[in-house]
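Written below as structure tokens is the structure these notes are about.
What's counted below: heavy atoms across the whole structure, side chains too, no hydrogens, waters or symmetry copies. Numbering of ligands and ligand atoms starts at 1, following listing order.
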Amino acid sequence: MLPKIPVLADYGISPKHGFLPNELPLSRLPDPYYNKWEAVVANLPALILSRRLRGVVDRLPVLSTIGLEHDSEWRRAYSILCFVAHGYIWGGDSPSDRLPPPITAPLLAVSAHLEVPPVATYAAVCLWNFKPLFVDEGVDQLENLATLNTFTGSIDESWFYLVSVAMEARGGPMIAIMLKAMAAVRADDAEMVTACLCTFAERLDDLGELLQRLHEQCEPTVFYHRIRPFLAGSKNMAEAGLPNGVMYDEGKGCDMDGVGGPVYRQYSGGSNAQSSLIQFFDIVLGVQHRPTGTKASNTDAAGAGDSDTATADAAASRHNFILEMRKYMPGAHARFLQDVSDVANIRPYVMANQAAGTHRPLSIAYDSCLATLRALRDKHIAVVTRYIVLPSRDMSRARSRSRSPETWRRPAPPVHRPKAMNLALATTNKVSDGGTNKALKGTGGTALMSFLKQARDETGEPAVEEWAQRFMHRQGRVPGKNDFFFGKPTEPAAPAVAAEVVAEDEKVELGGLAGTWTLDDDVGGLCAF
Ligand code: HEM
């Protein structure tokens with residue numbers, strides 16, 4: 001007998017809001033026992049700004065989790081503790097490589113309960129960190145959302161989290177639609193499968209529109225210099241001052257043999273790559289992601305999404321950043337993704353119909369879903385270009401200028417203040433430096449642009465129609481080539497495409513989202529996670 005198609009309720013997934021919790025996140029823990037935590041998180045931006053957070057946290061009592069009852073209380077506790085932990089680590093002149101017992105002890109307990117790592121994940125900062133302004137209006141409307149916790153108190157930071165919240169909410173109903181499509185495959189109801197795929201493609205397009213609204217209220221330089229450093233993890237962070245990661249000190253000390261004392265741990269930083277929604281889309285459509293730098297083999301291309309892809313799956317699970325990110329999702333959500341993978345049947349069904357020459361609208365609807373998901377990744381690449389690549393370029397250029405002979409001849413007068421480590425720079429490991437060290441790292445620690453472009457290209461690979469395969473294997477815009485899709489050579493390329501072309505070409509000046517700019521290298525390499 002076939003395994004059953006997963007039921008959302010078994011994984012705490014909402015039919016309406018998807019991976020956002022069924023009950024709204026709590027704005028405050030009801031038990032006054034936790035008032036001190038609430039007071040710290042309510043004043044987090046001010047405590048970070050005044051450099052007083054560490055002192056305040058060190059003096060907190062070590063609270064137990066005994067006063068946490070409902071799931072929403074555990075989730076609120078997790079979000080609070082993650083914000084305070086990252087504020088503690090990154091909110092000083094140099095990072096702290098130790099988390100003290102008042103944070104560590106409850107954070108480890110809460111994380112174990114919720115099956116999430118003890119670090120600021122996407123769940124801590126987005127999924128469980130929002131409230132509607134008006135309860136009778138939807139949480140898929142950006143205008144109706146506010147954040148509960150932030151590091152900076154800025155509109156930019158709130159907007160950054162809330163765009164993701166709105167996307168999760170808008171994408172929530174798409175999960176049930178695709179589970180229905182999977183059931184329709186089992187019933188061999190091609191019309192129903194086609195209808196579900198059409199609805200899915202339309203809603204996916206809505207998500208792309210929401211993603212592009214990020215620019216409205218989140219300034220790239222604020223994101224890069226003020227927000228992103230707080231989301232950094234503790235893995236591959238030697239250059240940022242955490243060579244061993246972070247010591248989670250529970251205050252237990254070691255035994256007589258020196259065993260059982262606090263240990264260093266290393267985790268990736270918070271990233272939207274930890275969103276279960278986008279991974280669900282990949283799984284249900286049969287999109288497979290390979291380790292970065294690996295090209296599709298003929299076997300992969302033919303068998304992606306089929307049940308007999310054990311070898312491909314085994315290869316994919318090795319050294320694969322996207323799979324690694326599942327460890328940062330709430331346990332039930334990661335299990336849901338695994339269970340859906342085990343029964344994903346849409347692609348083989350579409351392929352079988354295409355081979356038999358039956359139900360052509362099915363193939364077209366399926367390929368449209370892939371094209372729309374690929375377009376979403378294109379837009380995302382433009383976002384990353386604007387919010388990470390360009391500011392990091394500006395930063396490295398400013399550094400090169402400050403090292404120029406001109407600057408050496410006229411040194412600035414000495415200023416006597418403690419030397420602060422610039423975390424925006426420090427957490428961007430190996431930013432282009434004097435032409436030698438060029439791999440740009442993301443918040444999760446991957447070699448960035450090649451990884452994102454590969455993920456986008458892999459999205460088009462399962463296409464079944466020949467025209468769709470050609471369309472989705474296209475390269476960035478080259479005048480006179482692929483003009484059918486990109487418009488006439490004299491027309492400006494669409495912003496997302498322009499940004500991607502810039503990121504792809506060496507030493508080319510192009511009009512991107514932020515004006516005319518040059519990218520002088522193509523970053524690459526295997527993920528370091
Ligand atoms: C300022 C906005 C954003 C920036 C700077 C950004 C940056 C990044 C970076 C650096 C990565 C590589 C993984 C890592 O190192 O963390 C990544 C991956 C990813 N991001 Fe974003 N991101 C942004 C917004 C979003 C939003 C709103 C979404 C929601 C769809 C999203 C979805 C993803 C996904 C799904 C991945 C995994 C790669 C893939 O599946 O294509 N990102 N992002």
*asked:* Can you tell whether the side chains of Glu461 and Arg290 come within less than 4.0 Å, N to carboxylate O?
replied: yes
*Contacts of type ring-ring contact (aromatic ring centres under 6.0 Å, His included), residue Phe230, not counting sequence neighbours*: Phe151
*Could you walk me through whether Gln279 and Met329 pass side chain to side chain contact (heavy atoms under 4.5 Å, CB included), step by step?*
CA-CA 11 Å; Gln279 293 214 16; Met329 296 172 186; 3.5 Å; yes
*Smallest separation among heavy atoms of Ala344 and Ile283, with atom names*: CB-O, 3.7 Å
*Looking only at N/O atoms, are Arg377 and ligand 1 under 3.5 Å apart anywhere?*
yes
*Could you check which of Gly208, Ser271, Ser275, Ser276 puts a non-hydrogen atom nearest to atom 16 (O) of ligand 1?*
Ser271
*Out of Leu214, Asp156, Val165, indicate the one that has the non-hydrogen atom closest to atom 2 (C) of ligand 1.*
Leu214
_Please classify the Met167 to ligand 1 contact at 4.0 Å (heavy-atom distances, strictly less than): side chain, backbone, both or neither._
side chain
*Atoms of ligand 1 less than 4.0 Å from Ile388 heavy atoms?*
5 (C), 10 (C)
*Kindly determine whether Arg76 and Tyr78 satisfy side-chain hydrogen bond (donor to acceptor under 3.5 Å, both in side chains), including the steps that lead there.*
CA-CA 5 Å; Arg76 168 85 187 146; Tyr78 175 67; over 6 Å; no
*Evaluate the criterion side chain to side chain contact (heavy atoms under 4.5 Å, CB included) for residue pair Leu370 and Met472; output intermediate values, then yes/no.*
CA-CA 9 Å; Leu370 293 179; Met472 284 189 276; 3.9 Å; yes
_Per-atom contacts, ligand 1 versus Val384 - under 4.0 Å to a heavy atom_ = 6 (C), 7 (C), 8 (C)
*Proximity to ligand 1 by part of Ala273, non-hydrogen separation under 4.0 Å*: both
*Using a 4.0 Å heavy-atom threshold (strictly under), name the region of Leu376 that reaches ligand 1: side chain, backbone, both or neither.*
neither
*Counting from 1, what ligand 1 atoms have a heavy atom of Phe321 closer than 4.0 Å?*
13 (C), 14 (C)
_Leu448 contact mode with ligand 1 (heavy-atom cut-off under 4.0 Å)_ = side chain
_Heavy atoms only, cut-off 4.0 Å: how does Leu211 contact ligand 1, side chain, backbone, both, or neither?_
side chain
*Could you list the atoms of ligand 1 found under 4.0 angstrom from a heavy atom of Ala455?*
41 (O)
*Near-ring test His380/Tyr387, centroid separation under 6.0 angstrom*: no
_Show, in sequence, the C-alpha distance, side-chain angles and deciding distance for Tyr264 and Asp97, and conclude whether the side-chain hydrogen bond (donor to acceptor under 3.5 Å, both in side chains) test is met._
CA-CA 8 Å; Tyr264 278 99; Asp97 74 346; 3.0 Å; yes
*By number and element, which atoms of ligand 1 are closer than 4.0 Å to a non-hydrogen atom of Phe160?*
1 (C), 2 (C), 3 (C)
_Taking Glu143 first and then Arg213, would you say they form a salt bridge - that is, a charged N and a carboxylate O separated by under 4.0 Å?_
yes
*Evaluating non-hydrogen atoms only, which member of Val383, Val389, Leu210 is closest to atom 4 (C) of ligand 1?*
Val383
*Could you tell me which non-hydrogen atom of Phe134 sits nearest to which non-hydrogen atom of Asn144, and how far apart they are?*
N-OD1, 2.8 Å
*Please say whether His380 places an N or O atom under 3.5 Å from an N or O atom belonging to ligand 1.*
yes
*asked:* Using a 4.0 Å cutoff against the non-hydrogen atoms of Tyr387, which atoms of ligand 1 qualify?
replied: 1 (C), 5 (C)
_Any Ser164 heavy atom less than 4.0 Å from ligand 1_ = yes
*Between Arg226 and Glu157, is there a salt bridge with N-O shorter than 4.0 Å?*
no
